[in-house]
Amino acid sequence: MIERLREAIRDVHGFPKAGIVFKDISLILGDGELFRGAIDLFCETAGGEKIDKVAGIDARGFIFGAAVADRLGVGFVPVRKKGKLPWKCIEESYALEYGEAVVEIHEDAVKPGEKVLLVDDLLATGGTAEATVKLLELLGAEIVAISFLIELSFLNGRDKLPGEKVKAILNY
Ligand code: AMP
């Protein structure tokens, strides 16, 4: 399954801007067997540990994270770009290649001590996941693992997630 997933990932050169090779997961999402296979592998990254909630990062992390949460029979928590969540939020800013971005989470999304599996489609420089970890830790979550479909290993994003169990289904 891992090789079938790898073959289905489409490299889009120059999106969203020059110099970036965007890993397009659309062909996985659009294929029932591949999508289910990806969710199976995401669930395995939990290593059989008890999970109370799955958190997913805006926006492709929602697609995988919500399906993983359903499969595990637990709730889902969206971590969103600033300005999208309606209730009281805590926020964290992080550096982008140019400028900065902000992620938010509802302040009552996770209770202290809850075990959270964090899910996103891709680990690049790690800034987004690092900011999300800070938010979850502020709420008192215990992060069981941080799971990605794709890791761009050459960008060393893991270095921003010290002490965390970082799992990737596919490495580049
Ligand atoms: P970073 O904070 O640099 O680790 O970037 C991770 C976030 O940006 C993830 O939510 C990804 O969806 C997105 N992202 C970054 N680089 C790429 C890429 N080459 N292809 C697809 N998505 C990417």
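Start at 1 and go down the list; that is how both ligands and their atoms are numbered.
Among Phe148, Phe35, Phe64, the one residue that satisfies the ring pair (Phe, Tyr, Trp, His ring centres under 6.0 Å) test with Phe42 is Phe64.
For the pair Lys23 and Tyr172, the cation sits on the ring face: its NZ or CZ lies under 6.0 Å from the ring centre, inside 45° of the axis.
Taking a cutoff of 4.0 Å between a charged side-chain nitrogen and a carboxylate oxygen, Glu151 and Arg158 qualify as a salt bridge. Comment: Lys82 engages Glu104 in a salt bridge, judged by a side-chain N to carboxylate O separation of less than 4.0 angstrom. Salt bridge Glu33/Arg36: absent, no basic N to carboxylate O contact under 4.0 Å. With respect to Lys111 and Asp52, no salt bridge is recorded, no charged nitrogen being found less than 4.0 Å from a carboxylate O.
Note on ligand 1: Gly126 sits in its first shell, one or more heavy atoms being nearer than 4.0 Å.
If you check each of Leu152, Val103, Thr125 against atom 1 (P) of ligand 1, the one with the closest non-hydrogen atom is Thr125. Which of Leu149, Asp58, Thr128 comes nearest to atom 2 (O) of ligand 1 through a heavy atom is settled by distance: it is Thr128. The residue among Asp120, Ile150, Val12, Leu161 with a heavy atom at the shortest distance from atom 9 (C) of ligand 1 is Asp120.
With respect to atom 13 (C) of ligand 1, the closest heavy atom belonging to the protein is Arg60 NH2, 3.8 Å. With hydrogens left out, the protein atom closest to atom 17 (C) of ligand 1 is Leu122 CD2, 3.4 Å, a heavy atom. Among all non-hydrogen protein atoms, the one lying nearest atom 19 (N) of ligand 1 is Val21 O, 2.9 Å. Closest to atom 11 (C) of ligand 1 among all protein heavy atoms lies Asp121 OD1, 3.5 Å. Of the protein's non-hydrogen atoms, Lys23 N, 2.9 Å is the one closest to atom 20 (N) of ligand 1.
The hydrophobic clustering, which links ILVMFWY residues whose side-chain heavy atoms are closer than 4.5 Å, places Ile39 and Ile2 together.
Residue contacts with ligand 1: Ala129 is placed with no nitrogen or oxygen under 3.5 Å of a nitrogen or oxygen of the ligand (distance criterion only). At under 3.5 Å, not a single nitrogen or oxygen of Ile57, backbone or side chain, sits near a nitrogen or oxygen of ligand 1.
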*asked:* Applying side-chain contact (heavy atoms from CB on, under 4.5 Å) to Met1 and Leu41, what does each step give before you reach the verdict?
replied: CA-CA 9 Å; Met1 176 52 70; Leu41 291 164; 4.0 Å; yes
